[in-house]
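Only this structure's heavy atoms are used, side chains among them; waters, hydrogens and symmetry mates stay out. Just so it is clear: chains get the letters A, B, ... in the order the sequence lines come, proteins before strands, and each one is counted from 1.
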Amino acid sequence: MASEKAAKAENAAASVAAKAAGKVAPLQSPFPLATLRHSVSHLMASAVEALFPGAQFGFGPAIEHGFYYDFELPEPLEERALERIENEMRRIAKKAGAMVCSEYTREEAAARLEKRGQKYKLEAVQSIPAGEKITFYAHAGWEDLCEGPHIDRFDRPFFFKLQRVAGAYWRGDEKNPMLQRVYGTAFWTKEDLAQHLAWLEEVERCDHRHLGTELDLFSHHQEAGGGFIFWHPKLGAVRREMEKFWWDLHQARGYMPVYTPHVARETLFAVSGHLENYGDLMYAPMAIDELPYRVKPMNCPGHILIYQNRGRSYRELPLRWAELGTVYRYERSGVLHGMLRVRGFTQDDSHIFCTPEQLPGEIAGVLELVRTLLSTYGFEFTAYLATRPKEKSIGTEEVWERAIAALKEGAAKAGIPLELDEGGGAFYGPKIDFKMKDALGREWQTSTVQCDFNLPERFELSFTDKDGAKKRPIMVHRAIYGSLERFTGVLIEHYGGKFPFWLAPTQVALIPIREAHGEYCRELAARLGAEGLRVTCMDDAAHMNKKIKEAAHDKVPFLLIAGEREVAERKVTVRQRDLEQQESVPFEEFLERARQLARTRSLVL
RNA sequence: GCCAGAGUAGCUCAACGGUAGAGCACCGCUUUCGUAAAGCGGGGGUUACGGGUUCAAAUCCCGUCUCUGGCCCCA
């Protein structure tokens, strides 16, 4: 078992490394890539001023894969203007020569910006703390307030591309005016740029929205409104496997299933505090028998009602209750995105009610569960301990300390290292969030474990302890998939639509060479089906070339081809996804292999 | 929600003021074939929806819905 896990992890790591290779840029030249990109953002700004006189400038930093610069322009910027800007950048770069840094006093700086009418830059210069240096960087007669650092000159070889235009609020605050942002990227070599662009193409190819259409996995509909996912049968099959796996893990760890309604009286959410703290994200009330009801945005109040239904003894704790609970949240239209950001989604939600003493053990249990689940899908992950927020939060300092200590202790027990996310906790308690890395090297937030001091208080939860005293239980919220929709969307991209055998919507396709071999194939299909495998028998009149093409298009893991030779020897010719070479094996041997792959939830295929 | 762009057959796209088209998919007939598209034929669109301009609108204008890229927020 241990070696099997190691093999899984190794396989996943190799695939991650291979795919991520595209985005790792080697360090070269005397300046880091981020410095080059920052300088190219200046170059772009100077080009924009040349082409759009009267432009106001915001900020223009380097970011993870490139840079951006925010502008306020007299006219809307269209994507097709990017080429013009690029050409102007090349023209300026040719004659630019050196990049020169000058230091000024606050007054001098303000005067220089005033002269050019740069209102955003003026605001920026005013917010530079006293005592800090105020510098400008200039090239080709164009200067910008900037702390640097920058490359020394523009006549070095470098390669860039402007990518897209977008809107962005000044200083990220939606009360401020919206500026136009141009994103781009830059590299020291042509090859690195080409490699990065190839990686972006690969990301595009793996986009779950495209694959979702191509593989007939899911859809959304204008008739239903944005943010609601319709799972097609093929993705339904994947989800059933995910749910089965999920439940197997939970059952083995002492969780019990609960089921709660989707709608409840508004008063329930008033008691829970959701109305007050979460109201903007909740759907409007509906009147039932003249009383207001709400669609649930979270599952916790429902689980609490079950807890409260009778007195609880310390003997029962910890209680671990789990539900695949579908919740609905009003998300602003602009944030919706495929399966990754939706308005209705199913959380693999669970609430653990326990004593303070039990907390570290419970946390360790959850973390182990997270690790087992994520690694089965081939994800690497990082765990972050999120501590008390600076602004409002509830609970005494002592309670927070104890909970954080319990989270740390639990993580140590489970052998999971924690990064620190200072002040990132919820107002009601500290938490551990997981970021998992997919095959393309991108990070996603899914799993979370949260301590909650708020709800037990609000609902006055209690248990009777050994000494007969009523005490307050601690509540742990945790979700591992987070949202089935989001996790599945990430999975589609992670696998590029090539689901491993255990998850594949169709696991095996049988292809008879002639009609006469159809009966043999149907028999084998029935055998495989009886094993619980998802099989299709392609015994219609089409030519076999076409069937192979179709099955390959659907990314079916195994094609079994049977003609005269196979029928005679009770064999099948196995054509494995993405493998040129094929082998002819006894059917029983294939069946055993398929069983094994499914049972172990192998990532190998 | 905000800024910008877009919505034509199931999918990918063409037509960009003058009769809405192609490839793939789908259906039918023929073909029974040894490894990634067999041949022939056929059906399918109130051009997202609603209004307007015009002799004439997929095409121009306005509104709504949905989507895309971002901002903000988040599972």
For this session: State yes or no: are the ring centers of A:H38 and A:F67 separated by less than 6.0 Å?
Result: no
For this session: Assign A:G172 to base, sugar-phosphate, or nothing according to its heavy-atom contacts below 4.0 angstrom with the strands shown.
Result: sugar-phosphate
Exercise. NA contact type, A:G489, heavy-atom cut-off 4.0 Å: base, sugar-phosphate, or nothing?
Worked result: nothing
For this session: Look at A:Y183 and B:C71 and indicate whether a side-chain polar atom (N or O) is within less than 4.0 Å of OP1 or OP2.
Result: yes
Exercise. Within 45 degrees of the axis of the six-membered ring of A:F187 and under 6.0 Å from its centre: does A:R37 put its NZ or CZ there?
Worked result: yes
Exercise. Taking atom types as they are modelled, is there a donor-acceptor pair under 3.5 Å from the base of B:A48 to the side chain of A:E223?
Worked result: no
For this session: Answer with base, sugar-phosphate or nothing: what part of the nucleic acid does A:G227 contact at a heavy-atom distance below 4.0 Å?
Result: sugar-phosphate
Exercise. Is there a donor N/O on one and an acceptor N/O on the other, under 3.5 Å, for the side chain of A:R332 and the base of B:C72?
Worked result: yes
Problem set entry | Phosphate OP1/OP2 of B:A48: any A:H221 side-chain N/O under 4.0 Å | no
For this session: Mind checking A:L559 for me? I need base, sugar-phosphate or nothing, with any heavy atom below 4.0 Å counting as a touch.
Result: nothing
Problem set entry | A:F558 ring center near A:F590 ring center (under 6.0 Å) | yes
For this session: Would you kindly give the OH-to-P distance between A:Y68 and B:A4, to the nearest whole Å?
Result: 19 Å
For this session: Name the residue closer to the 5' end of RNA chain B, choosing between A:Y481 and A:T213 according to the nucleotide with the nearest heavy atom.
Result: A:T213
Exercise. RNA chain B: A:K547 or A:Q450, which has the more 5' nearest nucleotide?
Worked result: A:K547
Exercise. What nucleic acid atoms does A:R486 come within less than 4.0 Å of, heavy atoms only: base, sugar-phosphate, or nothing?
Worked result: base
Exercise. Considering only B:C11, B:C72, B:A4, which nucleotide approaches the side chain of A:V165 most closely?
Worked result: B:A4
For this session: May I ask you to verify whether the side chain of A:Y169 and the base of B:G70 hold a donor-acceptor pair under 3.5 Å?
Result: no
For this session: Answer with base, sugar-phosphate or nothing: what part of the nucleic acid does A:V342 contact at a heavy-atom distance below 4.0 Å?
Result: base
For this session: Give A:E79 one of three labels, base, sugar-phosphate or nothing, depending on what nucleic acid heavy atoms sit under 4.0 Å from its own.
Result: nothing
Exercise. So, is the end of the A:R181 side chain (NZ or CZ) under 6.0 Å from the ring centre of A:Y68 and within 45° of the ring's axis?
Worked result: yes
Exercise. Base, sugar-phosphate alone, or nothing: which one does A:F228 contact when heavy atoms must sit under 4.0 Å apart?
Worked result: nothing
Exercise. How many Å lie between CG on A:D540 and P on B:U30, as a whole number?
Worked result: 15 Å
Exercise. Do A:Y255 and A:W321 have ring centres separated by under 6.0 Å?
Worked result: no
Exercise. Reckon A:E78 touches a base, only the sugar-phosphate, or nothing at all at heavy-atom distances under 4.0 Å?
Worked result: sugar-phosphate
For this session: Can you check each nucleotide of nucleotides 34-45 of chain B against protein heavy atoms at under 4.0 Å and return B for base, S for sugar-phosphate only, - for none, in 5' to 3' order?
Result: BBBBB-------
For this session: Apply ring-ring contact (aromatic ring centres under 6.0 Å, His included) to A:H65 and A:W199, showing your working.
Result: CA-CA 11 Å; A:H65 294 297; A:W199 176 71; 5.0 Å; yes
Problem set entry | Spacing between A:E72 atom CD and B:A4 atom P, to the nearest angstrom | 12 Å
For this session: Measure from CZ on A:R343 to C1' on B:A75 and round the result to the nearest Å.
Result: 15 Å
Seminar exercise, completed: Taking pairs as Watson-Crick (N1-N3 plus N6-O4 or O6-N4) or G-U wobble (N1-O2 and O6-N3), each distance under 3.5 Å, the stems of three or more consecutive pairs with RNA chain B are B:1-7 with B:65-71, B:10-13 with B:21-24, B:26-30 with B:38-42, B:48-52 with B:60-64
Compile the donor-acceptor pairs under 3.5 Å between side chains in residues 479-492 of chain A and protein atoms, sequence neighbours left out, one pair per line.
residue : atom : partner : partner atom : Å
A:Y481  : OH   : A:M242  : O            : 2.9
A:Y481  : OH   : A:Y377  : OH           : 2.6
A:S483  : OG   : A:E485  : N            : 3.2
A:S483  : OG   : A:R486  : N            : 2.9
A:E485  : OE1  : A:T346  : N            : 2.9
A:R486  : NE   : A:L340  : O            : 2.9
A:R486  : NH2  : A:L340  : O            : 3.1
A:T488  : OG1  : A:L484  : O            : 2.5

Problem set entry | Under 4.0 angstrom between A:S333 side-chain N/O and B:G1 OP1 or OP2 | yes
Exercise. So does A:R329 reach the base of B:C73 with its side chain, donor to acceptor, closer than 3.5 Å?
Worked result: no
For this session: State whether the aromatic ring of A:F487 stacks on the base of B:A75, taking stacking to mean ring centres under 5.5 Å apart and ring planes under 30° to each other.
Result: no
For this session: Figure out the CZ/C1' separation between A:F218 and B:C67, and round it to whole Å.
Result: 12 Å
For this session: Tell me what A:A166 touches on the nucleic acid: a base, only sugar-phosphate, or nothing, going by heavy atoms under 4.0 Å.
Result: base
For this session: Check whether the ring centres of A:F228 and A:F230 lie less than 6.0 Å apart, and answer yes or no.
Result: no
Exercise. Of the nucleotides B:U66, B:U68, B:C73, which one has an atom closest to the side chain of A:E331?
Worked result: B:C73
Exercise. So A:R239 and A:E243, salt bridge (charged side-chain N to carboxylate O under 4.0 Å, His left out) or not? Walk me through it.
Worked result: CA-CA 6 Å; A:R239 176 163 168 170; A:E243 291 180 352; 2.8 Å; yes
Exercise. Just by distance, with hydrogens left out, do A:T573 and A:E583 show a side-chain donor and acceptor under 3.5 Å apart?
Worked result: no
For this session: Please report, rounded to the nearest Å, how far the P atom of B:C33 is from the CD1 atom of A:I511.
Result: 16 Å
Exercise. On the ring face of A:F381, is A:K435 found with NZ or CZ under 6.0 Å from the centre and within 45° of the axis?
Worked result: no
Exercise. Looking only at atom types and distance, does a side-chain atom of A:K571 sit under 3.5 Å from a main-chain N or O of A:R565, one as donor and one as acceptor?
Worked result: no
